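One-based numbering along the sequence shown. Atoms considered below: every heavy atom in the structure, side chains included; atoms not considered: hydrogens, waters and symmetry mates. None of these values were measured; they are calculated from a predicted model.
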Amino acid sequence: MAHTVDHSKHLIELASIDRERIVGLLKLARSYDDGAGMPRLDTALRSKLSGKNVCNLFFEDSTRTRVSFSLAAGNLGATVTNLTGAGSSVAKGESLIDTAVTVEAAGGHALIVRSGAPGAAQSIASHVGVPVINAGDGTHEHPTQSLLDVYALATALGGGREESFDLSGLTVGIVGDIASSRVARSDIAAMTKLGARVVCVGPVQMAPKSLGVLGCEVSSDLDGVIGELDAVQMLRIQFERHGSGGKKPSSPPGVGSVREYRSLYALTESRAERMKSGAVVMHPGPMNRGLEIDGAVSDGPRSLIRKQVSAGTLVRMAVLAELLGAD
């Protein structure tokens, strides 16, 4: 039977939580940092979630999110169970809610849910009594990805931001297929609450002016704003979310070809050279090297991409610890 969801007991979206909780989670993640961006693995930390069962319910493919949640739970001493759509009764027609209720009844203490359906995590949270963490639902949100993005950004820029996580005075560009991106929606929510100016950039079909209601600015001219950015988050084109009748489009929406898209919106080596001194490059993955970003840029000195992955384990440790009462 469905019940009202108390968002303080879950992490479903960042749009509905306050700045204080965001900062609290980021500071908790920092307390687990060994100083080199990796988790401390001391005995006390490894016992925080001893006896807890964390269940990954991943009904959509994932590498970074699934692995880092598993590592995060293990680092805190929890037992981890992985369930995918293909290996569950969902493949036989069982609903996500019935599957989640079954996993809770079997002894799951926290459910980490990834689904292609917007609102899936919220729906599950309304039917179970244990914490639910949204690991990405359709084009809605991906809250822990945004938390790790902020963590990596603030830590890299320093100057006290790595302690306060105050992004005031920074301009962050999010470039690419924003209309399809749950990461973009979570980034906009978190970064604007922390004081950043966020500019979404892409062709009109990928970055419609209506995104402005989320609190960001919208532009179709990357070259016009590239010199203003302190950080740029590059996004892949989600061809699988475009098209009709199950067919992917042959070219990026809103432009005539991949070549045209690259000429206007890719972070090429020459475009990266026009970024301001100290500006950094980010990407939530998976990357399409040579399409939205050049390999020399993703692997270059401005890149925080690997630091984002490392931050993911720290942030997800913090979320699990907060929701399961360890901190």
Run the numbers on Asn53 and Glu104 for side chain to side chain contact (heavy atoms under 4.5 Å, CB included), then give the verdict.
CA-CA 10 Å; Asn53 301 312; Glu104 178 191 26; over 6 Å; no

Measure the [atom1]-[atom2] distance between [X] and [Y] for me, rounded to the nearest 0.5 Å.
X: Met282; Y: Ser303; atom1: CE; atom2: OG; result: 9.5 Å
X: Glu217; Y: Cys200; atom1: CD; atom2: SG; result: 9.5 Å
X: Ser186; Y: Asp149; atom1: OG; atom2: CG; result: 9.0 Å
X: Leu26; Y: Arg21; atom1: CG; atom2: CZ; result: 11.5 Å
X: Arg64; Y: Leu148; atom1: CZ; atom2: CG; result: 11.0 Å
X: Ser95; Y: His127; atom1: OG; atom2: NE2; result: 8.5 Å

Please lay out, stage by stage, how His283 and Glu292 fare under the test side chain to side chain donor-acceptor pair (under 3.5 Å).
CA-CA 10 Å; His283 197 305; Glu292 73 269 9; 2.8 Å; yes

I'd like to know if the side chain of [X] and the backbone of [Y] have a donor-acceptor N/O pair within less than 3.5 Å.
X: Asp137; Y: Gly119; answer: yes
X: Arg66; Y: Asn56; answer: no
X: Asn288; Y: Leu291; answer: no

Applying side chain to side chain donor-acceptor pair (under 3.5 Å) to Ser270 and not counting sequence neighbours gives Thr268

By side chain to side chain donor-acceptor pair (under 3.5 Å), Arg302 pairs with (sequence neighbours left out) none

Is it the case that the side chains of [Y] and [X] hold a donor-acceptor pair, with the cut-off being a distance below 3.5 Å and no angle test?
X: Glu13; Y: Ser16; value: yes
X: Asp221; Y: Ser219; value: no
X: Arg182; Y: Thr139; value: no

Identify, with sequence neighbours excluded, every residue that meets salt bridge (charged side-chain N to carboxylate O under 4.0 Å, His left out) alongside Glu228.
Arg197

With Glu269 via salt bridge (charged side-chain N to carboxylate O under 4.0 Å, His left out) - residues at least two apart
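With neighbours one apart ignored, the set is empty.
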
Test applied, side-chain contact (heavy atoms from CB on, under 4.5 Å); reference residue, Gln145; option that passes from Val315, Asn134, Val183:
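So the option named by the test is Val183.
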
Contacts of type side-chain contact (heavy atoms from CB on, under 4.5 Å), residue Ala36, not counting sequence neighbours:
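Partners of Ala36 by the side-chain contact (heavy atoms from CB on, under 4.5 Å) criterion, ordered by chain and then number, come out as Asp34.
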
Return yes when atom [atom1] of [X] has more than 12 non-hydrogen atoms of other residues, nucleotides or ligands closer than 6.0 Å, and no otherwise.
X: Arg274; atom1: CZ; answer: yes
X: Asp223; atom1: CG; answer: yes
X: Arg19; atom1: CZ; answer: yes

Would you call [X] and [Y] a salt bridge, using N to O less than 4.0 angstrom?
X: Asp230; Y: Lys276; answer: yes
X: Asp294; Y: Arg271; answer: no
X: Glu162; Y: Lys307; answer: no
X: Asp33; Y: Lys27; answer: no

Show the nearest heavy-atom pair for residues Ala190 and Val150, with the distance to one decimal.
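In this case the closest contact between Ala190 and Val150 is CB-CG2, 4.3 Å.
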
Where Ile188 and Cys216 come nearest, the two heavy atoms and their spacing:
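Result for this residue pair: CD1-SG, 3.9 Å.
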
Any side-chain heavy atom of Val172 within less than 4.5 Å of one from Val232?
no

Before giving the answer on side chain to side chain contact (heavy atoms under 4.5 Å, CB included), spell out for Asn75 and Leu45 the whole-Å C-alpha distance, their side-chain angles and the decisive distance to 0.1 Å.
CA-CA 7 Å; Asn75 288 345; Leu45 200 58; 5.8 Å; no

For Phe69, give me all partners under ring-ring contact (aromatic ring centres under 6.0 Å, His included), at least two apart in sequence or on another chain.
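Partners of Phe69 under the ring-ring contact (aromatic ring centres under 6.0 Å, His included) test: none.
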
Worked check of side chain to side chain contact (heavy atoms under 4.5 Å, CB included) between Leu57 and Asn82
CA-CA 6 Å; Leu57 277 57; Asn82 288 297; over 6 Å; no

For the pair Ile293 and Val281, evaluate side chain to side chain contact (heavy atoms under 4.5 Å, CB included) and give the outcome as yes or no after the intermediate values.
CA-CA 10 Å; Ile293 189 168; Val281 173; 3.9 Å; yes

Are Ser146 and Asp187 close enough, and set up right, to give a side chain to side chain donor-acceptor pair (under 3.5 Å), and what steps lead you there?
CA-CA 5 Å; Ser146 180; Asp187 275 350; 3.0 Å; yes

